[in-house]
Amino acid sequence: MRIATWNVNSVRQRLEHLVSWLKECSPDIVCLQEIKCVDEAFPRLEIEALGYNVVTHGQKTFNGVALLSKLPFDETKSGLAGDDEDAHARFLEGVVTLKQGVVRIACLYLPNGNPANTDKYPYKLKWMSRLLEYSKERLKTEEPLILAGDFNVIPAARDVYNPAAWTDDALFRPATREAFQSLLGLGLTDALRAVNDDPGQYTFWDYQAGAWQKNWGIRIDHLLMSPQASDRLIDVGIDSYVRAWEKPSDHVPVWADLDFETA
DNA sequence: ATGACACTTTTAAAGTGA
């Protein structure tokens with residue numbers, strides 16, 4: 001089974017790229033972030049034509065997440081518990097059944113948090129705390145669980161081209177990295193780091209200042225796996241080639257292959 | 001220090017992102 005995550009930065013702007021990449025990568029399950037549209041505006045038919053079931057949790061203008069799966073969903077649920085005031089569309093959960101049993105997938109778009117001297121940063125930290133609580137609860141089931149998405153967290157210095165320039169950024173502040181480490185402390189595995197120790201494994205390059213050409217990237221898109229999932233991890237890849245396409249998203253897809261049979 | 005770029009929306013300039 002192959003699962004992937006991609007922040008497309010507007011699904012309607014990126015539809016051609018998305019279709020091309022889906023054909024090339026052929027993931028069974030896909031977590032999309034920043035679809036930037038309401039549910040009715042999602043290009044559902046075009047994606048269903050490729051054999052995917054589609055669930056969306058969108059909103060007008062900003063944010064928005066979607067789950068695509070070649071397997072039918074047993075259940076889906078939108079929204080992250082812990083704050084009834086939070087209206088941002090950033091979290092969508094789905095469950096599928098494989099030959100080996102159920103797998104739960106959480107597609108997430110974690111708040112950016114910048115500028116870090118505004119209330120956006122406490123909102124980010126609170127959201128991370130809610131995600132920690134969610135993960136604690138789900139891990140009790142001892143089932144395969146995969147958190148996939150744009151975490152807006154640079155986990156370590158080797159995940160950014162110039163760590164010194166990012167010290168006070170909401171993506172790299174100590175409190176941000178500590179909150180991410182707390183997730184790992186629950187027993188979740190950062191899938192990319194389970195298979196690859198190299199620096200420079202970037203998933204995002206800013207549109208500005210020729211960041212892609214200079215390889216000024218950061219690693220902020222992640223797949224975190226419960227032990228029951230990471231035990232079956234085979235490989236992880238970053239499809240950085242799509243960043244060189246015309247009018248690309250600023251993020252690229254990350255995928256993981258797991259030893260689960262989909263048939 | 002600022003803006004650089006790309007996306008959205010009450011199609012113009014502002015908000016958001018990272």
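Every value quoted in this text rests on a predicted model; they were computed, and no experiment measured them. Chain identifiers are assigned alphabetically (A, B, ...) following the order of the sequence lines, protein sequences preceding nucleic acid strands; residue numbering begins at 1 within each chain.
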**Report entry** Same-atom distance (P) from B/dA1 to B/dA12, integer angstrom
**Finding:** 36 Å

Per the under-4.0 Å heavy-atom filter, residues of residues 37-44 of chain A near DNA chain B come out as none

Test side-chain contact (heavy atoms from CB on, under 4.5 Å), reference A/Ile47, set A/Val54, A/Asn53, A/Val30, output is A/Val54

Which whole number of Å gives the distance between the C1' atom of B/dC5 and that of B/dT10? 24 Å

Residue pair A/Tyr109/A/Phe62 against DNA chain B: nearer the 5' end by closest nucleotide is A/Phe62

*asked:* Between A/Arg130 and A/Glu133 (salt bridge meaning N to carboxylate O under 4.0 Å), is one present in this structure?
replied: no

Between NZ of A/Lys60 and P of B/dT16 the distance, given in whole Å, is 14 Å

Is a side-chain donor-acceptor pair under 3.5 Å present for A/Lys124 with A/Asn112?
no

- Message: Does A/His88 reach a base, just sugar-phosphate, or nothing at all? Heavy atoms under 4.0 Å.
- Response: nothing

With the side chain counted from C-beta on, respond yes when A/Phe180 and A/His222 share a heavy-atom pair under 4.5 Å apart, and no when they do not. yes

Considering only nitrogen or oxygen atoms on both sides, find all protein atoms under 3.5 Å from nucleotides 4-6 of chain B and state each distance.
{"unit_1": "B/dA4", "atom_1": "N9", "unit_2": "A/Gln208", "atom_2": "OE1", "d": "2.7"}
{"unit_1": "B/dA4", "atom_1": "N7", "unit_2": "A/Gln208", "atom_2": "OE1", "d": "2.3"}

Expected label for B/dT11 (glycosidic angle, syn inside 90° of 0, else anti) would be syn

A/Trp21 vs A/Trp6, ring-ring contact (aromatic ring centres under 6.0 Å, His included): CA-CA, chis, key distance, verdict:
CA-CA 10 Å; A/Trp21 171 77; A/Trp6 190 12; 5.3 Å; yes

For the residue pair A/Asp74 / A/Thr97, report whether a side-chain donor-acceptor contact shorter than 3.5 Å exists. yes

### Message
What contact category does A/Arg90 fall into here, base, sugar-phosphate, or nothing, at under 4.0 angstrom with non-hydrogen atoms?
### Response
sugar-phosphate

note: A/Gln59, atom CD; B/dG17, atom P; distance rounded to Å ~ 10 Å

Q. Taking the same atom, P, in B/dT2 and in B/dA6, what whole-Å distance lies between them?
A. 22 Å

Whole-Å distance, A/Ile220 CD1 to B/dG17 P, equals 12 Å

Handout entry: Touch class at under 4.0 angstrom, heavy-atom based, for A/Asn7 against every strand present
Key = sugar-phosphate

Q) Expressed as a whole number of Å, how far does the P atom of B/dA13 sit from that of B/dA18? A) 26 Å

* Are more than 12 heavy atoms from other residues, nucleotides or ligands located less than 6.0 Å from atom CG of A/Asp198? -> yes

Distance-only side-chain donor-acceptor flag, A/Trp255 / A/Asp239, under 3.5 Å
yes

inquiry  = Ignoring hydrogens and geometry beyond distance, is a side-chain donor-acceptor pair present between A/Thr5 and A/Gln33 at under 3.5 Å?
reply    = yes

Atom CG of A/Asn162 and atom P of B/dA18 are separated, to the nearest Å, by 19 Å

Contact class for A/Asn152 vs. all strands (heavy atom < 4.0 Å): base, sugar-phosphate, or nothing?
sugar-phosphate

- request: Please work out if A/Asp150 contacts a base, only the sugar-phosphate, or nothing of the nucleic acid, heavy-atom cut-off 4.0 Å.
  value: sugar-phosphate

Next on the checklist: One thing to verify: whether A/Asp190 and A/Arg219 come together as a salt bridge, which I'm taking to mean a side-chain N less than 4.0 angstrom from a carboxylate O.
Outcome noted: yes

